[in-house]
Amino acid sequence: MKSGLITSIARSLMVARFKQTLVAAIGVTFSITMFVALLGFMNGLNIMLDSLVINRTPHIRLYNDIKPNPDQPVGRVQAFAGSYNIIRSLKPNASRESIYNNEAIMNTLRADKRVLGVAPKITSRVFFNVGATDMLGIVNGVDVEEENHLFRFSDYVTSGNFTDLKNVANSIILGKGAADRMLAEIGDVIQATTSQGNRVQLKVVGYFQSGLGELDNVQCYASIGTVQKMTGQPASYITDIQVKLHHLEMAPALAKEYGAVFGVDADDIQTVNAQFETGTGVRSMISYAVGITLLVVSGFGIYNILNMMIYEKMDTIAILKATGFSGGDVNRIFTTIAVSIGIVGGAAGILLGFLVCLGIERIPFETEALPTIKTFPVDFNPKYYAIAGVFSLVTTYFAGFFPARKASAVDPVDIIRGK
Amino acid sequence: MTMEQPPVLEAQGITKYFYSPEKTKVLKGVSFRVHRGEFVSVAGKSGCGKSTLLYILSTMDTDYEGKLLIEQQLVTGRRPDDLARIRNEKIGFVFQFHYLLNEFSVLENVMIPALKLGKLSREEIEHRAMEKLRIFDMHQHALKKANQLSGGQKQRVAITRALINDPLIIMGDEPTGNLDKKNSETVFNIFKELAGTFHQTMLVVTHDPEFAAGTDRTIVMEDGNIIDDLTNSNLP
Ligand SMILES: Nc1ncnc2c1ncn2[C@@H]1O[C@H](COP(=O)(O)OP(=O)(O)O)[C@@H](O)[C@H]1O
Ligand SMILES: [Mg+2]
């Protein structure tokens with residue numbers, strides 16, 4: 001009954017000053033709309049940019065690094081056990097790049113419940129012989145099906161058919177940049193020299209475009225068998241095992257575990273791509289900052305309008321107090337007004353923001369660099385809508401806080417006597 | 001006489017200072033009692049402290065020395081929320097400048113103090129409010145907005161509102177001061193009727209000698225002191 005009276009008085013005051021109330025609510029609506037649209041758009045871009053890397057990068061990469069043996073003979077001599085042994089002119093040992101017993105490792109990994117999938121890879125450096133010049137290239141020997149399953153290989157093969165890698169003998173998919181420089185068309189046969197000195201003929205069956213120009217200038221793909229043949233290695237030769245996990249966050253811990261268990265080097269995606277996390281963080285921080293600034297500005301709008309309303313409604317406040325409303329009641333009336341403006345303006349803003357996001361999502365956005373993207377990416381994460389809702393309430397509450405306190409402190413005697 | 005009954009309202013040595021522009025003593029130890037059913041007027045020249053006294057008696061002004069008792073309970077020094085409750089329940093106000101809430105209808109204006117008190121249901125309150133408006137012949141204006149009424153009509157609504165919670169006492173600060181002769185008379189007759197028919201306790205500040213003469217008792221003030229306390233012999 002009592003709170004009903006407070007709200008009905010608040011409502012009457014708002015109706016009496018409908019235009020100002022509307023302006024205040026529109027201020028909130030506008031800022032919430034912008035907040036939601038900005039965050040949705042920014043994070044859509046973030047997710048897209050990150051996925052450029054994350055889609056293409058294994059969560060954990062197992063390989064044999066070229067490095068000196070950590071277990072040097074001097075370390076085994078009992079006499080020097082407690083001292084620092086300084087060894088100069090150390091060279092990496094002729095360790096094999098191939099991962100020993102990789103078939104068994106992959107089977108073990110595939111049986112691990114935390115693992116989404118495993119794809120073997122061979123990386124081999126070659127020179128493409130184009131007329132009189134040689135161009136450096138990296139040929140990745142991949143398991144075509146696994147590569148597609150885990151890393152959306154087909155998304156990035158912009159011309160040609162990726163399955164031809166498997167079906168056509170000695171075939172290669174060239175990076176778009178590399179192909180452009182070599183003037184190689186699909187169907188052409190190109191010549192390459194491997195680091196072992198073998199000369200091979202490869203048939204171009206497609207172009208690959210990742211969106212990262214530097215990569216596309218050198219990276220090429222062939223089937224594992226083709227690369228093994230090119231480099232004269234046996235069928236068991238694998239240089240990388242790429243692991244994709246169900247949960248990205250587990251990568252650092254599992255990398256350590258696998259490194260120890262299998263006796264190989266293991267890199268996790270977080271360590272390799274730390275800069276992307278940072279970029280994402282900074283971008284969302286900026287969008288939050290802009291959004292919150294907008295809200296604070298609209299908060300000042302509400303503050304002004306409430307102050308004006310209180311100034312105009314001094315008589316009303318005085319008479320309410322004279323007839324038995326306490327300071328607390330008056331405070332609640334004006335807080336109710338502020339929060340109502342926040343609820344209505346915020347709800348409208350969330351809805352409008354959603355519509356704006358739908359609109360942005362329809363704007364065509366085509367660029368050479370991003371072959372899989374046709375329109376602007378937008379993130380519809382409900383989190384932003386929840387944050388917007390909470391913020392609209394919090395800012396309007398605080399915007400109303402001081403005016404409401406001022407109203408509750410109005411001395412009715414001053415007003416009644418003042419006439 | 002009613003003098004043997006306990007007083008409804010009692011002022012004991014009420015003293016009030018104003019500090020701007022300089023410290024001035026506006027009330028100089030005012031003491032008096034009002035008994036149930038009395039219709040008391042406070043008269044005196046403009047500026048003698050009548051309004052100041054009334055605001056203290058109404059519990060709205062708490063910055064004074066001395067004691068105020070309502071129904072023999074000490075009111076001085078009580079918490080603001082308690083005072084608001086006392087005003088709501090026990091005191092009805094009529095001001096010089098009508099002071100209705102323009103955002104609300106006539107009926108709502110009358111209902112609000114009762115809704116605030118919260119003792120009756122909304123329907124009962126509405127029914128009571130309509131009944132009281134009918135007494136003053138204002139029921140046909142019930143649904144108008146307050147600012148669509150004439151001055152005299154507004155004051156009748158203000159009196160109705162003052163009565164809605166059956167207050168212990170009605171206080172008025174020059175309730176006819178802003179009205180023309182005819183409306184002034186109508187409002188005065190309403191006060192007379194409240195006193196005569198309903199035995200409503202009332203304390204009304206006025207500088208209109210005619211109005212004062214029509215009340216049971218007139219407290220005459222001068223320069224912050226009570227200089228006279230007259231019982232009026234009113235022959236009907
Ligand atoms: N807020 C105030 N500050 C200073 N002096 C005041 C204030 N209100 C009233 N006064 C002074 O107090 C005296 C009594 O005023 P008031 O009670 O309004 O007189 P009355 O109602 O009898 O005409 C007057 O001299 C007036 O000027
Ligand atoms: Mg006065």
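The chains referred to below are lettered A, B, ... by the order of the sequence lines, with proteins before strands, and numbering in each begins at 1.
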Using a cut-off of under 4.5 Å for heavy-atom pairs, which of B/Ala84, B/Gly92, B/Pro167 has the most such pairs with chain A?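 Between B/Ala84, B/Gly92, B/Pro167, the count favours B/Ala84.
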Considering only heavy atoms, which portion of B/Thr59 lies under 4.5 Å from any heavy atom of chain A: side chain, backbone, both, or neither?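 No part of B/Thr59 comes within 4.5 Å of chain A.
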B/Ile112 versus chain A, heavy atoms under 4.5 Å apart: side chain, backbone, both or neither? both
Over 12 foreign heavy atoms within 6.0 Å of CE, B/Met60: yes
Would you say A/Phe380 has more than 12 foreign heavy atoms packed within less than 6.0 Å of its CZ?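 Atom CZ in A/Phe380 is crowded, with more than 12 foreign heavy atoms closer than 6.0 Å.
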With chain B, which of A/Ala16, A/Pro412, A/Ala322 has the greatest number of heavy-atom pairs at distances under 4.5 Å? A/Ala322
With side-chain contact (heavy atoms from CB on, under 4.5 Å) as the criterion, how do B/Asn165 and B/Glu89 come out once you've worked through the C-alpha distance, each side chain's angles and the decisive distance to 0.1 Å? CA-CA 6 Å; B/Asn165 285 342; B/Glu89 201 174 352; over 6 Å; no
Using the ring of B/Tyr64 (Phe, Tyr or Trp, six-membered ring only), decide whether B/Lys16 places NZ or CZ under 6.0 Å from its centre and within 45 degrees of its axis.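 Ring-cation test returns no.
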